[in-house]
Student: 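So that we are looking at the same thing, I have put the structure below in structure tokens.
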Amino acid sequence: MKYDLHSHSTASDGALSPNALIARAIAADVDVLAITDHDTLAAYREIDDSALGALTLIPGTELSTQWQKNNVHIVGLNVPLECTAFADAIASQQRSRIERATIIADKLAKKGFVDILPGVLEKAGKGSIGRPHFAQQLLEIGAVKSLDEAFKKYLGNGKIGDVKQIWPQLDEVVGWIRDAGGSAVLAHPDKYHLTRSKLHRLTDDFIAAGGEAIEVVSGKQDKVRTRELAKLSIEKNLLASCGSDFHQPGKFWAELGHHSPLPQECTPVWDRW
Ligand code: AMP
Ligand code: MN
Ligand code: MN
Ligand code: MN
């Protein structure tokens, strides 16, 4: 069975509609897919159930949090689509995204890029507004030559558009997922560029908050690193998850269903479902 439990659609910063994402997952022989858009469950309202065939969909979302000045992402899997408390939590994340967008726009205006918010909002469409939409707009107005440059200069870690104090604390967000009956998964542990000891502290705090699993495999990943993360999951008694973090076609390191399977010694998060 092939599991891809981390992917994005146009409901956040992905390029494919939820139904196109599902078609691509089926073509890639994925058996179980979670669409985990940033701070939203909106993809699940667009899905054409008749096109699923044998594919199993696991309701999910990727929630933005703050941990010790880091922007840490927590994937919630098997979360309820009809739960008032969880829907309220998602709504507050959406408000934070809009508030953050106005802050980022103000900061960019001070750099001379005035009035870019309307174009950014247009790019986000009905989806969760995020930094990639700012990057697209900066590219469109000729402020940068590539999306990568937009992140390197203005939006990436430590740059002016990296506004993270808006997000709720990690333990609060893990609590939302747990209270809703979902599984909280620490997303892409390598993306935070933490030292070994800091990653251990992060996992300890995550577990203390009720976190259940860690992404041992995130996209195309070095085999040695996968073994290290498998070891960490076992040492910390965490379940293991895997996913591509697919956003768009053409990125071989994050292609839907193309990541390696979980190492044998891990206990998969789906074993508890
Ligand atoms: P946000 O959710 O608005 O905080 O934006 C974070 C998203 O930006 C990530 O989920 C990635 O999809 C994207 N991203 C982060 N860093 C880069 C980068 N260097 N180049 C392109 N996209 C990036
Ligand atoms: Mn993203
Ligand atoms: Mn993420
Ligand atoms: Mn993601």
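Ligands are counted one by one from 1 in listed order, and the atoms in each one are counted from 1 as well. Computed from a predicted model, the values in this text were never measured in an experiment. Just so you know, residue 1 is the first one in the sequence shown, and it goes up from there.
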Student: Please report the shortest heavy-atom distance between Ser241 and Leu5, naming the atom on each side.
Tutor: OG-CD1, 3.6 Å
Student: Step through it carefully: locate the ring centre of Phe113, locate the ring centre of Tyr154, and say whether they are under 6.0 Å apart.
Tutor: yes
Student: Spell out, as yes or no, whether a donor-acceptor pair under 3.5 Å connects the side chain of Glu212 to the backbone of Ser183.
Tutor: no
Student: Please report the number of protein N, O or S atoms that lie less than 2.8 Å from the Mn ion (ligand 4).
Tutor: 4
Student: Between ligand 1 and the protein, which N/O pairs fall short of 3.5 Å?
Tutor:
unit_1   : atom_1 : unit_2 : atom_2 : d
ligand 1 : 2 (O)  : Arg97  : NH1    : 3.4
ligand 1 : 2 (O)  : Arg97  : NH2    : 3.0
ligand 1 : 3 (O)  : Arg97  : NH1    : 3.3
ligand 1 : 3 (O)  : Arg100 : NH2    : 2.5
ligand 1 : 3 (O)  : Arg131 : N      : 2.7
ligand 1 : 4 (O)  : Arg100 : NH1    : 3.0
ligand 1 : 4 (O)  : Arg131 : NE     : 3.0
ligand 1 : 4 (O)  : Arg131 : NH2    : 2.8
ligand 1 : 10 (O) : His38  : NE2    : 3.0
ligand 1 : 12 (O) : Asp13  : OD2    : 3.1
ligand 1 : 12 (O) : His247 : NE2    : 2.9

Student: Which pairs would a plain distance check flag for residues 114-126, meaning a side-chain donor or acceptor within less than 3.5 Å of a matching protein atom at least two apart in sequence or in another chain?
Tutor:
unit_1 : atom_1 : unit_2 : atom_2 : d
Lys123 : NZ     : Gln137 : OE1    : 2.7
Lys123 : NZ     : Glu140 : OE1    : 2.7

Student: Over all heavy atoms of both residues, which pair between Leu33 and Ser7 is shortest? Give the atoms and the distance, please.
Tutor: CD1-OG, 3.8 Å
Student: Sequence neighbours left out, cut at 3.5 Å: what donor-acceptor pairs do the side chains of residues 14-28 make with other protein atoms?
Tutor:
unit_1 : atom_1 : unit_2 : atom_2 : d
Ser17  : OG     : Ala20  : N      : 3.1
Asn19  : OD1    : Asp48  : N      : 2.9
Asn19  : ND2    : Glu46  : O      : 3.0
Arg24  : NE     : Glu255 : OE2    : 3.0
Arg24  : NH2    : Glu255 : OE1    : 3.0

Student: Should the pair Asp13-Arg131 be classified as a salt bridge under the 4.0 Å nitrogen-to-oxygen rule?
Tutor: no
Student: Looking at Ile214 and Ser233, what are the two nearest heavy atoms and their distance?
Tutor: CG2-CB, 3.7 Å
Student: What are the two closest heavy atoms between His8 and Thr36, and how far apart are they?
Tutor: CE1-O, 3.1 Å
